[in-house]
Novice: 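Handing you a structure now.
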Amino acid sequence: MGEMVFRQVDLSTEEVDALEARYVPLTEAVRELVAATILSNADDDVVAEALAAVREVTAKLSASVETDHSGVNYNGAGRSWNWGNAGSGERNAIAPPIDLKTNPDGSTYADLVLGAAYEGPPGHVHGGVSALLLDHLMGVTASQMSRPTFTGTLTLRYRNPLPLGPIRVEGRVAREEGRKVFVEASITGSDGIALEADGVFITPTWSPSLEATQN
Ligand SMILES: CCCCCCCCCCCCCC(=O)SCCNC(=O)CCNC(=O)[C@H](O)C(C)(C)COP(=O)(O)OP(=O)(O)OC[C@H]1O[C@@H](n2cnc3c(N)ncnc32)[C@H](O)[C@@H]1OP(=O)(O)O
């Protein structure tokens, strides 16, 4: 297995929150840029201007890049962050804009709006995006944010096309057997239920290696 390191970073929770607050508006603006890039009818001059501006700002941001992935980090107070996570990273404009909530009974849900960047069939959500949302929400549900769990098997039933627009993803732990956590989930869109899923999430025998670093 390749190296999988969870990094302990010497930052206070306030410092992590401040960093997140600095970048989240940028993530949201980049999502708007992605949508505008897909939908724009601008002429050659405007597109050339946008290209130069995006290249310039990307060069400015890239000047301080030190690594090729952001990883899973945590501090001494137990605050963890995974800014690049493909399913939910707060600084990842490619990730769906998910804000996952946990109910007192451990079940989870997220209400979000999927726009032009998530299209598959005309006007509808790409099946792989639905799978990404479910894998992520079900993995968090299985972990109860207290233990690492990996997707073992994920079974999806695409019952109806899912229109772009507002959707709700919901999940709950159905049962546990040893290291296996069985999770059920669904996605509902403006036309009603679109997907049902069940999955087996497994706590590995190995513990994640924890690496302390100075930041
Ligand atoms: C503390 C920090 C908390 C942080 C929370 C953050 C939440 C983030 C959420 C992120 C969400 C994103 C989530 C992601 O994207 S996770 C990324 C995608 N998933 C992976 O990369 C997983 C790759 N696979 C593996 O690493 C191993 O195969 C695992 C760990 C899964 C099992 O390897 P292990 O060596 O441990 O297995 P075992 O042979 O001892 O078998 C043990 C039991 O399991 C049963 N079994 C085995 N394999 C499968 C299978 N594939 N389906 C169904 N069942 C399976 C097996 O029959 C046996 O059952 P039984 O015979 O005992 O009844």
Side-chain angles (χ1 to χ4, degrees), residues 1-11 13 16-17 19-20 24 27 68-112 114 118 125-158 167-187 195-213 215:
M1 191 182 72
E3 194 187 27
M4 205 181 290
V5 177
F6 292 61
R7 277 196 319 153
Q8 180 164 5
V9 180
D10 185 19
L11 285 174
T13 297
V16 179
D17 289 345
L19 272 172
E20 196 169 291
V24 163
T27 309
D68 65 356
H69 62 278
S70 73
V72 180
N73 305 291
Y74 65 99
N75 70 7
R79 165 78 156 91
S80 67
W81 62 102
N82 185 359
W83 282 322
N85 186 289
S88 67
E90 290 86 353
R91 287 169 57 174
N92 186 349
I94 293 174
I98 191 169
D99 181 15
L100 198 154
K101 312 273 192 212
T102 302
N103 294 311
D105 68 358
S107 61
T108 55
Y109 66 95
D111 292 306
L112 61 153
L114 294 180
Y118 303 100
V125 176
H126 193 290
V129 172
S130 298
L132 172 64
L133 286 166
L134 285 163
D135 182 38
H136 181 75
L137 177 130
M138 293 167 79
V140 172
T141 309
S143 78
Q144 296 169 20
M145 292 314 279
S146 63
R147 58 189 175 190
T149 55
F150 285 82
T151 316
T153 298
L154 189 58
T155 306
L156 307 180
R157 284 175 296 280
Y158 292 82
I167 67 162
R168 168 167 278 225
V169 194
E170 293 173 280
R172 67 179 189 94
V173 172
R175 66 182 199 284
E176 296 190 25
E177 277 172 28
R179 290 190 286 117
K180 293 184 292 186
V181 187
F182 295 81
V183 181
E184 295 174 346
S186 63
I187 302 185
L195 282 94
E196 289 171 334
D198 50 76
V200 186
F201 292 78
I202 300 172
T203 304
T205 46
W206 51 270
S207 297
S209 54
L210 305 176
E211 181 185 81
T213 59
N215 201 45

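One-based numbering along the sequence shown. Quick caveat: nothing in here was measured; it's all calculated off a predicted structure. Start at 1 and go down the list; that is how both ligands and their atoms are numbered.
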Novice: Nearest 0.5 Å please: distance from the OG atom of Ser88 over to the CG atom of Leu100.
Specialist: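 Rounded to the nearest 0.5 Å, the OG-CG separation comes out at 8.0 Å.
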
Novice: Relative to the heavy atoms of Gly139, which atoms of ligand 1 are at a distance of less than 4.0 Å?
Specialist: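 Near Gly139, the atoms of ligand 1 are 9 (C), 11 (C).
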
Novice: Look at atom 6 (C) of ligand 1 and find which of Ser88, Gly87, Ser143 reaches it with the closest heavy atom.
Specialist: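 Shortest heavy-atom distance from atom 6 (C) of ligand 1: Ser143.
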
Novice: With a cut-off of 4.0 Å, which atoms of ligand 1 are near a heavy atom of Val140?
Specialist: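 Under 4.0 Å from Val140, ligand 1 has these atoms: 9 (C).
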
Novice: List for me each residue that meets side chain to side chain contact (heavy atoms under 4.5 Å, CB included) alongside Asp99, sequence neighbours excluded, and say none if there are none.
Specialist: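 If we apply the side chain to side chain contact (heavy atoms under 4.5 Å, CB included) test to Asp99, skipping adjacent residues, the hits are Lys101.
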
Novice: Below 4.0 angstrom from a heavy atom of Gly152, which ligand 1 atoms are there? Numbered from 1 as shown, please.
Specialist: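 Matching atoms, with element in brackets: 50 (C), 51 (N), 52 (N).
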
Novice: Among Phe150, Phe201, Trp206, Phe182, which one puts a heavy atom closest to atom 21 (O) of ligand 1?
Specialist: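 It is Phe150 that holds the nearest heavy atom.
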
Novice: Could you give the distance from CZ (Phe201) to OG1 (Thr141), rounded to the nearest 0.5 Å?
Specialist: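 So the gap between those two atoms works out to 8.0 Å.
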
Novice: Backbone, side chain, both or neither: what part of Arg147 comes under 4.0 angstrom of ligand 1, heavy atoms only?
Specialist: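 The backbone, only.
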
Novice: Less than 3.5 Å between some nitrogen or oxygen of Thr205 and one of ligand 1, yes or no?
Specialist: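 Among all N and O atoms of Thr205, none is under 3.5 Å from an N or O of ligand 1.
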
Novice: With rounding to the nearest 0.5 angstrom, report the OG1 to CZ distance, Thr108 to Arg172.
Specialist: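 Nearest 0.5 Å value for the OG1-CZ distance: 11.0 Å.
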
Novice: Given that the side chain starts at C-beta and the backbone is N, CA, C, O, which of these parts of Arg179 lies under 4.0 Å from ligand 1, counting heavy atoms, or is it both or neither?
Specialist: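 For Arg179, the contact with ligand 1 is made by the side chain alone.
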
Novice: Atoms of ligand 1 less than 4.0 Å from Thr153 heavy atoms?
Specialist: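 It comes down to these atoms of ligand 1: 50 (C), 51 (N), 52 (N), 53 (C).
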
Novice: Run the ring-ring contact (aromatic ring centres under 6.0 Å, His included) test against Phe150 and tell me which residues pass, sequence neighbours left out.
Specialist: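 For Phe150, the residues satisfying ring-ring contact (aromatic ring centres under 6.0 Å, His included) (neighbours in sequence not counted) are Trp206.
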
Novice: Looking at ligand 1, does any of its N/O atoms fall within less than 3.5 Å of an N/O of Asp135?
Specialist: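 Between Asp135 and ligand 1 (N or O atoms, distance only) the closest approach is under 3.5 Å.
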
